[in-house]
Q: 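Let me give you the structure first, and then I'll get to my questions.
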Amino acid sequence: MEVVGTMLDLTTIRNTDVVADLGCGDGRLVIEALRRGAARALCVDIDPDLIVKARENARSAGVAERITFFNQDMFGVDLRGVSVVTL
């Protein structure tokens, strides 16, 4: 979580931001971005087990409805409308 905090400290998250995490793992970065005020998030990972874990974590954090999950290669994701990209 220290790395997540440091990464998000490098940007100013606004309530209009859509944050994409390419290679989202367990979803911790997008969950924290939403806690910090982002409007929506994209969670992208090629590993289906990690997407399952990210969905579970998002549900537990109460933010799942604000995240779109993609189980695919990050190079095929449409990033139109995304204002913050992490990987």
Side-chain angles (χ1 to χ4, degrees):
M1 284 306 295
E2 183 178 337
V3 172
V4 167
T6 300
M7 288 175 70
L8 291 174
D9 287 345
L10 294 173
T11 187
T12 302
I13 299 293
R14 298 170 305 219
N15 63 359
T16 56
D17 280 327
V18 177
V19 177
D21 188 8
L22 307 178
C24 66
D26 65 5
R28 65 181 69 192
L29 192 140
V30 294
I31 292 168
E32 182 60 23
L34 292 170
R35 286 181 177 150
R36 290 184 181 208
R40 298 207 36 83
L42 306 179
C43 196
V44 182
D45 208 291
I46 200 165
D47 184 332
D49 294 331
L50 288 175
I51 290 294
V52 168
K53 183 66 174 166
R55 285 182 198 271
E56 291 170 359
N57 290 342
R59 271 193 296 276
S60 293
V63 296
E65 71 284 347
R66 294 169 48 204
I67 301 173
T68 303
F69 297 90
F70 293 99
N71 179 210
Q72 69 181 66
D73 184 285
M74 68 182 173
F75 295 107
V77 176
D78 181 356
L79 296 175
R80 286 179 285 186
V82 172
S83 51
V84 177
V85 178
T86 65
L87 57 113

Q: For Arg66 and Ala41, indicate whether the former's side chain and the latter's backbone hold a donor-acceptor pair under 3.5 Å.
A: no
Q: Once rounded to the nearest 0.5 Å, what's the spacing between atom CG of Leu34 and atom CD of Glu65?
A: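 CD of Glu65 is found 8.5 Å from CG of Leu34.
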Q: With side chain to side chain donor-acceptor pair (under 3.5 Å) as the test, pick out the partner of Arg14 among Asp17, Thr11, Thr12.
A: Asp17
Q: So if you build clusters from Ile, Leu, Val, Met, Phe, Trp, Tyr with side-chain heavy-atom gaps below 4.5 Å, do Leu10 and Val84 land together?
A: no
Q: What about Val4 and Val19, same hydrophobic cluster or not, with Ile/Leu/Val/Met/Phe/Trp/Tyr joined at side-chain heavy-atom distances under 4.5 Å?
A: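 Same hydrophobic cluster.
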Q: Please answer: with hydrophobic residues joined when any side-chain heavy atoms are less than 4.5 Å apart, are Leu79 and Leu87 in the same cluster?
A: yes
Q: Specify the closest pair of heavy atoms between Gly27 and Cys43, including all atoms of both residues, with the distance to one decimal.
A: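 Residues Gly27 and Cys43, closest heavy atoms: CA-SG, 4.0 Å.
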Q: Between Leu29 and Val85, is there shared hydrophobic-cluster membership here, with clusters defined by ILVMFWY side-chain heavy atoms closer than 4.5 Å?
A: no
Q: If you round to the nearest 0.5 Å, how far is CG of Asn71 from CD1 of Ile51?
A: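 Here the rounded value is 5.5 Å.
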Q: For the residue pair Ile31 and Ala61, what are the closest heavy atoms and their distance?
A: CG2-CB, 3.7 Å
Q: Can you get from Leu8 to Val82 by hopping between Ile, Leu, Val, Met, Phe, Trp and Tyr side chains that sit under 4.5 Å apart?
A: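 Looking at the clustering, Val82 is in a separate group from Leu8.
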Q: At what distance, to the nearest 0.5 angstrom, does CG of Leu42 lie from SG of Cys24?
A: 10.0 Å
Q: About how many Å separate OG of Ser83 and CD1 of Ile13, when rounded to the nearest 0.5 Å?
A: 7.5 Å
Q: Look up atom CG in Asp45 and atom CG in Asp26, then write down how far apart they are to the nearest 0.5 Å.
A: 9.5 Å
Q: Nearest 0.5 Å, please: how far is CZ in Phe69 from CG in Leu50?
A: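 Answer rounded to 0.5 Å: 12.0 Å.
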Q: Kindly give the heavy-atom pair with the smallest separation between Met74 and Leu22, and that separation in Å.
A: SD-CB, 3.6 Å
Q: Taking atom CZ as the centre, does Arg28 end up with more than 12 heavy-atom neighbours from other residues, nucleotides or ligands that are less than 6.0 angstrom away?
A: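 Atom CZ in Arg28 is not crowded, with 12 or fewer foreign heavy atoms closer than 6.0 Å.
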